[in-house]
2 protein chains.
Amino acid sequence: MDPHLLRTFVAVARLASFSAAARELGYTQSAVSQHIAALESDLRTELLTRRPVAPTPAGERLLEHAGPLLLRLEAARADVLRLAAAPPGRVTVATSPLAVGPRLLSALPATGVTLRVLPPAQVPAVVAAGECDLGLVDGLAAPSDPLRLPDVAPLRVTGIGEEELAVLIPAGHPLAGRAAVRLDDLADARWLDAPGIGLAPAVRTAPALHYDGTDLHALCALAAAGHGLALLPLPVARAAPAGVAVPLVSPRLVHRTELLAPGAPTGAALAVAARLTGGPS
Amino acid sequence: MDPHLLRTFVAVARLASFSAAARELGYTQSAVSQHIAALESDLRTELLTRRPVAPTPAGERLLEHAGPLLLRLEAARADVLRLAAAPPGRVTVATSPLAVGPRLLSALPATGVTLRVLPPAQVPAVVAAGECDLGLVDGLAAPSDPLRLPDVAPLRVTGIGEEELAVLIPAGHPLAGRAAVRLDDLADARWLDAPGIGLAPAVRTAPALHYDGTDLHALCALAAAGHGLALLPLPVARAAPAGVAVPLVSPRLVHRTELLAPGAPTGAALAVAARLTGGPS
DNA sequence: CCCGGTTACGCTTGTCGTAAAGATT
DNA sequence: AATCTTTACGACAAGCGTAACCGGG
């Protein structure tokens with residue numbers, strides 16, 4: 001179960017070829033063959049069928065473990081390395097689109113910060129891997145409940161804000177005049193599915209349209225044009241250039257944003273983190 | 001970042017001694033020294049102070065990663081090995097005390113099952129490591145919300161039941177006559193803290209008494225005798241030999257129990273899992 | 001036949017143990 | 001002085017590459 005063997009195993013499984021994996025990893029075909037043979041003899045099981053190359057059931061199972069395992073290993077390495085390196089003045093912050101708000105903007109120092117907007121699902125991994133010093137993620141949660149994040153590595157999580165939710169409804173829609181809606185009212189509605197922005201997965205019904213970008217403006221435009229409803233934080237929905245923001249009152253959910261830090265942040269990152277957690281809302 | 005190096009690193013840190021770690025791991029002191037040196041040169045950082053042997057800040061950080069990492073690695077190995085081994089007729093089920101109820105008892109086949117009662121926090125690790133084929137955990141959650149479990153490994157989680165909560169109150173207590181209580185009513189109450197059984201950690205106030213066992217009967221006796229209140233599933237509290245069970249109506253929380261399975265359960269474990277998820281409640 | 005995975009074999013590298021040296025209390 | 005870690009060094013095994021081998025399309 002050497003990580004090197006695991007790494008070539010996932011490469012072979014992904015590429016469905018020993019030789020392609022060898023090229024990708026800078027080994028010879030022979031070495032890759034020996035790696036797989038070593039793994040299989042260690043576990044006393046066939047992990048791959050040859051010709052065609054495909055994982056056996058046991059191989060499938062190992063693949064489920066190997067990915068997170070290698071991710072954590074790399075994250076651990078990067079984390080310690082970053083801690084050891086002299087803290088540079090620059091701070092890079094990974095953030096999901098909806099976490100970019102007045103709070104973040106007022107907490108940023110005048111200079112020396114790089115912002116990296118990513119789909120919420122990728123933020124924890126990027127922070128864990130040490131590519132960014134801090135992370136901001138947002139999502140749906142019951143009031144004052146923490147978010148459910150994948151724990152790729154031990155990260156410090158701090159809640160830094162909660163907001164009401166609203167549904168962005170096109171102007172002509174029958175519900176557009178309501179002062180508030182319940183999710184039940186919208187049981188048959190068609191929702192926009194935007195994994196790059198978040199919030200949508202909470203709704204169970206079949207989505208009307210997939211949007212793969214991270215651009216909030218585009219999502220609002222789609223919603224206002226009637227391509228489907230969008231679930232957004234109330235302030236964001238209010239600020240949309242078109243469409244009507246109707247607060248969602250049931251179930252009691254809020255839009256929550258949290259700060260992720262690898263261990264205790266150091267140096268310049270610490271200052272930003274402090275302003276985010278303790279600073280003005 | 002070889003797992004072997006990591007393993008000796010945690011051993012050295014835990015024992016605060018190179019030579020003790022060497023004895024424990026079956027190496028010579030020299031080999032341990034070389035392991036640590038290899039890690040430190042790889043990460044280009046001091047991880048331990050010598051004389052006395054203690055982790056540096058970077059070492060502390062690495063320790064946080066190393067534990068879960070090694071656990072997952074071992075879990076992955078055990079999982080694949082177990083899948084590969086011919087499924088024996090015996091099934092072992094790890095369960096937290098409060099998950100043992102009529103549902104489980106009726107789902108068990110007449111023979112071939114070993115039950116292992118553990119504190120809820122240990123159940124996921126035991127299932128992940130393949131020591132048990134199935135796991136049952138219980139805990140507090142908002143209705144129809146999944147439990148928050150540590151993800152030591154990719155486990156299949158299935159909710160199999162939710163119950164109302166109740167507070168077990170000694171007979172003479174002022175609240176004993178109430179038809180229902182809110183958590184606010186009990187803000188100043190003293191709670192029993194029983195991590196081996198669960199549920200207590202949801203309450204924030206300082207506990208009156210720690211109970212480290214997993215025996216439900218003992219906990220009920222303590223509560224009935226006035227040593228502190230106990231938060232229990234309503235049916236369990238009702239069945240207590242003494243004390244009064246008062247339903248908890250606010251906040252809206254339920255006692256939830258979930259089934260953990262490593263990947264898809266196989267053979268005899270599958271049959272038990274099916275009866276637990278689909279069987280009579 | 002050709003493509004691709006396996007096996008054989010030599011070489012390099014890494015890893016462990018023994019033993020001597022160095023440091024710290 | 002005693003204890004514990006480090007360093008030096010030799011033996012052994014592991015891992016990789018070259019090259020020959022085989023099994024399917």
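Both backbone and side-chain heavy atoms feed into the values below; hydrogens, waters and symmetry mates do not. Residue numbers begin at 1 in each chain, while the letters A, B, ... track the order of the sequences.
Mapping Asp2(A) and Ala20(B) onto DNA chain D by nearest heavy atom places Ala20(B) at the nucleotide closer to the 5' end.
Atom pair Leu25(A):CG and dG17(D):C1' shows a separation of 16 Å (rounding to whole Å applied). With rounding to whole Å, Leu47(A) atom CG is found 12 Å from dT6(C) atom P. Whole-Å rounding puts the His4(B) NE2 to dC16(C) P distance at 9 Å. Distance Phe18(B) CZ to dA23(C) P: 16 Å, rounded to the nearest Å. Atom CD1 of Ile36(B) and atom P of dC16(C) are 12 Å apart (whole Å). As a whole-Å value, the separation of Asp42(B) CG from dG14(C) C1' is 14 Å. Protein atom CZ of Arg23(B) is 18 Å distant from nucleotide atom C1' of dC16(C), rounded to whole Å. Residue Gln29(B) contributes atom CD, which lies 15 Å from atom P of dA20(C) at whole-angstrom precision.
Phosphate contact (OP1/OP2 of dC16(D), side-chain N/O of His35(A), threshold under 4.0 Å): present. An OP1 or OP2 oxygen of dT6(C) is reached within less than 4.0 angstrom by a side-chain nitrogen or oxygen of Arg50(A). Contact between the side-chain N/O atoms of Ser19(B) and the OP1/OP2 oxygens of dT5(D) is found at a separation under 4.0 Å. Using a 4.0 Å cut-off, no side-chain N or O of Tyr27(A) falls inside it from OP1 or OP2 of dG17(D).
Side-chain atoms of Ser19(B) never come within 3.5 Å of backbone atoms of Ala22(B) as a donor-acceptor pair (strictly under, hydrogens ignored). A donor-acceptor contact shorter than 3.5 Å links the side chain of Arg148(B) to the backbone of Pro146(A). Between the side chain of Glu40(A) and the backbone N or O of Leu47(A) there is at least one donor-acceptor pair closer than 3.5 Å. No donor-acceptor pair under 3.5 Å is formed between the side chain of Arg61(B) and the backbone N or O of Thr56(B).
With no hydrogens or angles considered, no side-chain donor-acceptor pair links Ser33(A) and Gln29(A) at under 3.5 Å.
Under 4.0 Å is where a charged nitrogen must lie from a carboxylate oxygen, and between Arg77(A) and Asp42(B) at least one such pair does.
Val53(B) comes within 4.0 angstrom of sugar-phosphate atoms only, judged by non-hydrogen atoms across all strands, and of no base. Within 4.0 Å (heavy atoms only), Arg51(A) reaches at least one base atom of the nucleic acid.
No more than 12 heavy-atom neighbours from other residues, nucleotides or ligands sit within 6.0 angstrom of CZ on Arg44(B).
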Could you go through nucleotides 7-9 of chain D and list every protein N or O atom that sits under 3.5 Å from one of its N or O atoms, giving the distance for each pair?
| residue | atom | partner | partner atom | Å |
| --- | --- | --- | --- | --- |
| dT7(D) | O4 | Ser30(B) | OG | 3.3 |

